[in-house]
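Data block below; observations after.
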Amino acid sequence: MILVTGGAGFIGANFVLDWLAGSAEPILNVDKLTYAGNLGTLKSLKDDARHVFVRADICDRAAMDALLAQHKPRAVLHFAAESHVDRSIHGPADFVQTNVVGTFTLLEATRMYWSALPEAEKQAFRFLHVSTDEVFGSLSATDPQFSETTPYAPNSPYSATKAGSDHLVRAYHHTYGLPVLTTNCSNNYGPYQFPEKLIPLMIANALAGKPLPVYGDGQNVRDWLYVGDHCSAIREVLARGALGETYNVGGWNEKKNLEVVHTLCDLLDRAKPKSSGSYRDQITYVTDRPGHDRRYAIDARKLERELGWKPAETFETGLAKTVQWYLDNQAWADEVASGEYRKWVETNYAQRA
Ligand code: NAD
Ligand code: DAU
């Protein structure tokens with residue numbers, strides 16, 4: 001089996017669902033179930049013996065040792081993290097704890113487990129670390145895209161802790177020979193994303209008749225990738241990636257935030273027209289995110305050249321699917337927008353002029 005951390009979160013759960021749709025190999029899903037973890041996302045797997053869920057914290061060394069010893073996975077895929085930049089600005093401590101201490105704890109437990117494996121299993125073992133393009137910092141409008149050799153320059157507590165975890169993973173390969181792989185991916189979107197992130201937040205607010213809060217001038221650029229394409233890239237890297245290598249994953253879809261919000265409004269205007277006017281009328285400009293990175297852009301040619309991976313979705317097809325998914329799954333969105341979520345909205349948006 002494979003061990004997945006953070007498999008009740010947005011990307012981890014999409015990965016688990018996609019994996020089990022295409023493979024007989026079971027998954028041990030280890031997740032602490034923070035505010036971002038949601039077992040409702042995995043309810044279609046309730047009676048599926050291939051999915052074993054364990055609620056545990058990756059910072060708990062004894063729990064990690066016991067799970068590895070009991071289930072003997074052939075690979076660890078590490079998705080678990082605190083993942084939201086705005087939350088890292090309001091409270092960085094959880095980010096240092098999970099992203100740095102948690103990754104370190106998981107690496108140590110894995111190293112001990114891996115060192116004791118019989119030679120053939122040791123050779124075949126993999127530790128795949130799921131990281132982000134934010135570790136490379138911010139680009140100007142004319143800078144070339146991030147490549148795998150772009151120097152690290154993280155700017156937020158979130159990206160600094162992810163950079164720290166990437167360095168630990170790299171060091172465990174260099175020093176101990178642990179067979180690691182790292183992916184650095186751009187902004188994901190798609191089903192089951194927690195509505196604190198731009199795209200699901202805008203869809204939820206639009207449908208609720210609330211303001212659509214664009215930070216600053218709305219001209220910040222992100223590269224967008226449909227989550228299913230990120231999952232297929234991870235499967236390719238796990239199967240055929242070169243040990244110790246890092247792979248950039250991106251959608252070749254650089255968009256300004258305002259462009260994304262306009263496209264979402266236009267899709268909603270067609271799918272669920274308002275009684276009068278457009279969803280665009282709800283757009284408001286609010287105080288910018290402190291230290292807001294201006295532009296991210298990914299050069300994903302290495303992954304295409306070496307492993308033949310290319311995204312299947314364009315921004316237009318992926319976003320249309322996503323809007324339709326949120327329209328068809330409002331019960332899921334209502335369930336996650338619970339008490340904790342309302343508190344977060346209050347904390348993040350109340351003081352933005
Ligand atoms: P998410 O916040 O939706 O989910 C994170 C999951 O990790 C949750 O289920 C949570 O309960 C779990 N978790 C948190 N702390 C834990 C701990 N201490 N022990 C065990 N489980 C814990 O995040 P996501 O958007 O799905 O991101 C997954 C990974 O992909 C992260 O490592 C993130 O840095 C990376 N990433 C995300 C994006 C993106 O656009 N969302 C892009 C590139 C890379
Ligand atoms: O680049 C990959 C990263 O993408 C991942 O590593 C992170 O885990 C993920 O959260 C995401 O980070 P961003 O900060 O880019 O995503 P977010 O959805 O928070 O914001 C996207 C852009 O939209 C960003 O420029 C800020 C802006 N924004 C966001 C929110 C929540 C707004 O204008 N208004 C908002 O209300």
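Counting starts at 1 for both ligands and their atoms, following the listed order.
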Exercise for review: Using ring-ring contact (aromatic ring centres under 6.0 Å, His included) as the criterion, point out the one residue from Phe10, Trp325, Phe15 that pairs with Tyr192.
Suggested key: Trp325

Review point. Does some side-chain heavy atom of Val52 sit less than 4.5 Å from a side-chain heavy atom of Ile27?
Key: no

Review point. Would you call Tyr226 and Thr322 a side-chain contact if the rule is heavy atoms closer than 4.5 Å?
Key: yes

Review point. Just one of His78, Lys162, His167 clears the side chain to side chain donor-acceptor pair (under 3.5 Å) bar with Thr103, so which one?
Key: His78

Assess whether a salt bridge exists between [X] and [Y], defined as any Lys/Arg side-chain N lying under 4.0 Å from an Asp/Glu carboxylate O.
X: Asp229; Y: Lys310; value: no
X: Glu340; Y: Lys343; value: no
X: Arg50; Y: Glu25; value: no
X: Arg74; Y: Glu121; value: no
X: Arg61; Y: Asp65; value: yes
X: Lys197; Y: Asp86; value: no
X: Glu245; Y: Lys302; value: yes
X: Glu346; Y: Arg342; value: no

Could you list the atoms of ligand 2 found under 4.0 angstrom from a heavy atom of [X]?
X: Glu196; value: 31 (C)
X: Tyr158; value: 5 (C), 6 (O), 7 (C), 8 (O)
X: Val85; value: 14 (O)
X: Asp133; value: 1 (O), 2 (C)
X: His84; value: 19 (O)
X: Val214; value: 33 (O)

Closest approach of any protein heavy atom to [atom], naming residue and atom:
atom: atom 36 (O) of ligand 2; value: Tyr349 OH, 2.6 Å
atom: atom 3 (C) of ligand 2; value: Glu134 OE2, 2.9 Å
atom: atom 27 (C) of ligand 2; value: Asn257 ND2, 3.4 Å
atom: atom 7 (C) of ligand 2; value: Ser83 O, 3.4 Å
atom: atom 25 (O) of ligand 2; value: His292 NE2, 2.7 Å
atom: atom 11 (C) of ligand 2; value: Asn187 ND2, 3.4 Å
atom: atom 34 (N) of ligand 2; value: Pro213 O, 2.8 Å

Point to revise | Per-residue contact class, Leu201 against ligand 2 - non-hydrogen pairs under 4.0 Å | key: side chain

Exercise for review: Could you tell me whether Ser186 approaches ligand 2 through its side chain, its backbone, both or neither, with non-hydrogen atoms closer than 4.0 Å?
Suggested key: backbone

Check your understanding: Are Tyr152 and Phe146 close enough that their ring centres sit under 6.0 Å apart?
Key -> no

Point to revise | Pair Tyr35 and Phe194, ring centroids less than 6.0 Å apart | key: yes

Can you tell which of [options] gets a heavy atom nearest to [atom]?
atom: atom 28 (N) of ligand 2; options: Phe136, Tyr189, Tyr215; answer: Tyr215
atom: atom 21 (C) of ligand 2; options: Thr132, Asn184, Leu198, Val261; answer: Leu198
atom: atom 20 (O) of ligand 2; options: Arg289, Arg222, Lys197; answer: Arg289

**Study point:** Sub-4.0 Å heavy-atom contact, Lys162 with ligand 2
**Key:** no

Study note, to complete from the structure: Test side-chain contact (heavy atoms from CB on, under 4.5 Å), reference Tyr247, set Leu307, Ile234, Asn184, Thr182, output is Leu307

Using a cut-off of under 3.5 Å, which N/O atoms of ligand 1 pair up with protein N/O atoms, and what distance separates each pair?
unit_1   : atom_1 : unit_2 : atom_2 : d
ligand 1 : 2 (O)  : Ser83  : OG     : 2.7
ligand 1 : 3 (O)  : Phe10  : N      : 3.1
ligand 1 : 9 (O)  : Gly9   : N      : 2.9
ligand 1 : 9 (O)  : Asp31  : OD1    : 3.2
ligand 1 : 9 (O)  : Asp31  : OD2    : 2.6
ligand 1 : 11 (O) : Asp31  : OD1    : 2.6
ligand 1 : 11 (O) : Leu33  : N      : 3.4
ligand 1 : 11 (O) : Thr34  : N      : 3.0
ligand 1 : 11 (O) : Thr34  : OG1    : 3.1
ligand 1 : 18 (N) : Asp57  : OD1    : 2.9
ligand 1 : 18 (N) : Thr98  : OG1    : 3.0
ligand 1 : 19 (N) : Ile58  : N      : 3.0
ligand 1 : 21 (N) : Lys32  : N      : 3.0
ligand 1 : 23 (O) : Ser83  : OG     : 3.2
ligand 1 : 26 (O) : Phe10  : N      : 3.3
ligand 1 : 26 (O) : Ile11  : N      : 2.7
ligand 1 : 32 (O) : Phe79  : O      : 2.9
ligand 1 : 32 (O) : Val130 : O      : 3.4
ligand 1 : 32 (O) : Lys162 : NZ     : 2.7
ligand 1 : 34 (O) : Tyr158 : OH     : 2.7
ligand 1 : 34 (O) : Lys162 : NZ     : 3.1
ligand 1 : 40 (O) : Asn188 : N      : 2.9

